Amino acid sequence: MKIGKGVCGLYATAEADEDHLFIVKVFAACGDLIWCDKEEMLEGVTAVSGSGPAYVFRFIEALENAGIRYGFNEVQARRLAIATVLGSAELARQSDEPPAELRAKVTSKGGTTYEALKVMQERGFMEMMQDAMDACRRRSAELGEAFHENLESKKD
């Protein structure tokens with residue numbers, strides 16, 4: 001299912017002309033576009049945005065599972081989880097503040113959110129996410145290399 005809310009990374013060499021850049025219109029239909037300064041940055045787009053929906057769905061899955069554990073039925077738990085992610089994402093989109101500041105604003109020292117975030121910190125949540133995205137980026141590079149090698153072998 002496509003909802004036009006994605007983001008695509010684009011890169012063009014200096015040799016690209018208007019005939020080549022028609023593809024911009026195709027990608028614009030997917031949502032937002034980010035121009036990359038170097039081709040290698042496309043692997044970062046894959047790691048953050050291309051695979052990002054799966055990370056978000058996994059997080060929603062965790063919220064939903066917690067809701068079910070706390071006595072909500074599946075429909076209620078899913079509604080709680082999705083509304084939380086949608087509302088948070090919309091606030092982040094509309095705000096000029098970085099996510100770290102928004103997080104701090106909804107975290108009372110010694111409160112419930114503080115305790116949950118403390119566990120995430122102790123368990124290395126940020127490092128785990130970075131490691132996951134690094135693995136994704138590496139795999140993207142490997143697949144890109146294989147693609148280019150395949151193209152070169154077909155030229156022969």
Side-chain angles (χ1 to χ4, degrees), residues 1-13 23-24 26-150:
M1 176 189 314
K2 295 183 181 177
I3 61 169
K5 295 287 184 181
V7 60
C8 292
L10 299 174
Y11 171 77
T13 63
I23 197 73
V24 172
V26 174
F27 281 103
C30 297
D32 199 7
L33 301 176
I34 293 181
W35 281 96
C36 298
D37 297 331
K38 300 178 282 189
E39 187 175 8
E40 305 82 55
M41 291 173 69
L42 294 172
E43 295 155 5
V45 172
T46 298
V48 175
S49 181
S51 295
Y55 315 150
V56 174
F57 296 145
R58 187 66 162 165
F59 184 71
I60 291 170
E61 189 180 353
L63 292 173
E64 180 182 339
N65 287 343
I68 291 167
R69 276 195 328 272
Y70 302 142
F72 297 98
N73 66 41
E74 189 174 305
V75 171
Q76 293 169 322
R78 186 168 297 148
R79 284 179 53 206
L80 283 166
I82 292 171
T84 299
V85 171
L86 276 174
S88 302
E90 184 60 25
L91 179 59
R93 188 185 71 78
Q94 290 182 21
S95 179
D96 291 331
E97 296 176 286
E101 286 183 32
L102 295 172
R103 177 184 41 79
K105 285 185 173 185
V106 298
T107 305
S108 301
K109 185 86 170 163
T112 57
T113 305
Y114 178 84
E115 286 300 310
L117 291 171
K118 192 167 78 172
V119 170
M120 289 182 184
Q121 177 69 29
E122 290 167 357
R123 302 262 177 102
F125 177 78
M126 295 297 278
E127 294 83 2
M128 181 267 309
M129 287 301 300
Q130 189 61 60
D131 289 348
M133 289 183 279
D134 287 349
C136 181
R137 186 174 183 272
R138 278 191 306 276
R139 183 64 178 143
S140 177
E142 292 168 1
L143 292 172
E145 286 177 29
F147 177 76
H148 288 294
E149 289 171 7
N150 191 21

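Values in this document were obtained by computation on a predicted structure and should not be read as measured data.
Distance check: T84 OG1 to F59 CZ gives 8.5 Å after rounding to the nearest 0.5 Å. Going from atom CE of M128 over to atom CE of M120 covers 9.0 Å, rounded to the nearest 0.5 Å. K38 NZ to E43 CD: the interatomic distance, rounded to the nearest 0.5 Å, is 10.5 Å. Note that the CD1 atom of I68 and the CD atom of Q76 stand 10.0 Å from one another [nearest 0.5 Å]. Atom CZ of residue R78 and atom CG of residue L63 lie 12.5 Å apart, to the nearest 0.5 angstrom. Taking CG of L117 as the start and CD of E122 as the end, the distance is 11.0 Å to the nearest 0.5 Å.
Taking 4.5 Å as the limit, some side-chain heavy atom of T46 sits within range of a side-chain heavy atom of C136. Between Y55 and M133 the shortest side-chain heavy-atom distance falls below 4.5 Å. With a 4.5 Å cut-off on side-chain heavy atoms, V85 and F57 do not count as touching. Counting heavy atoms from C-beta on, the side chains of L10 and I34 never come closer than 4.5 Å. Considering only heavy atoms from C-beta on, T113 stays 4.5 Å or farther from S108 through its side chain. Taking 4.5 Å as the limit, some side-chain heavy atom of R139 sits within range of a side-chain heavy atom of L143. Side-chain atoms of V7 and L33, non-hydrogen and from C-beta on, never get closer than 4.5 Å to each other.
Closest non-hydrogen pair, D37 versus Y11, comes out as O-CE1, 3.5 Å. For L102 against A92, the heavy-atom pair with the smallest separation is CD1-CA, 3.7 Å. Listed here is the closest heavy atom pair of C36 and M41: CB-CB, 3.7 Å.
None of N65, L86, I82 except one satisfies the side-chain contact (heavy atoms from CB on, under 4.5 Å) rule with I60; the exception is I82.
For the pair S51 (side chain) and A47 (backbone), a donor-acceptor distance under 3.5 Å is absent. At distances below 3.5 Å, not a single donor-acceptor pair connects side-chain atoms of S49 with backbone N or O atoms of V45.
Within 6.0 Å of CD in E74 there are 12 or fewer heavy atoms belonging to other residues, nucleotides or ligands. Around the CD atom of E97, the shell of radius 6.0 Å holds more than 12 heavy atoms that belong to other residues, nucleotides or ligands.
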May I have the step-by-step check of side chain to side chain contact (heavy atoms under 4.5 Å, CB included) for E142 and E145, ending in yes or no?
CA-CA 5 Å; E142 292 168 1; E145 286 177 29; 5.8 Å; no

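When only modelled atom types and interatomic distance are considered, Q130 and D134 share a side-chain donor-acceptor pair under 3.5 Å.
Take R93 and apply the side-chain hydrogen bond (donor to acceptor under 3.5 Å, both in side chains) test, not counting sequence neighbours, and it matches E90.
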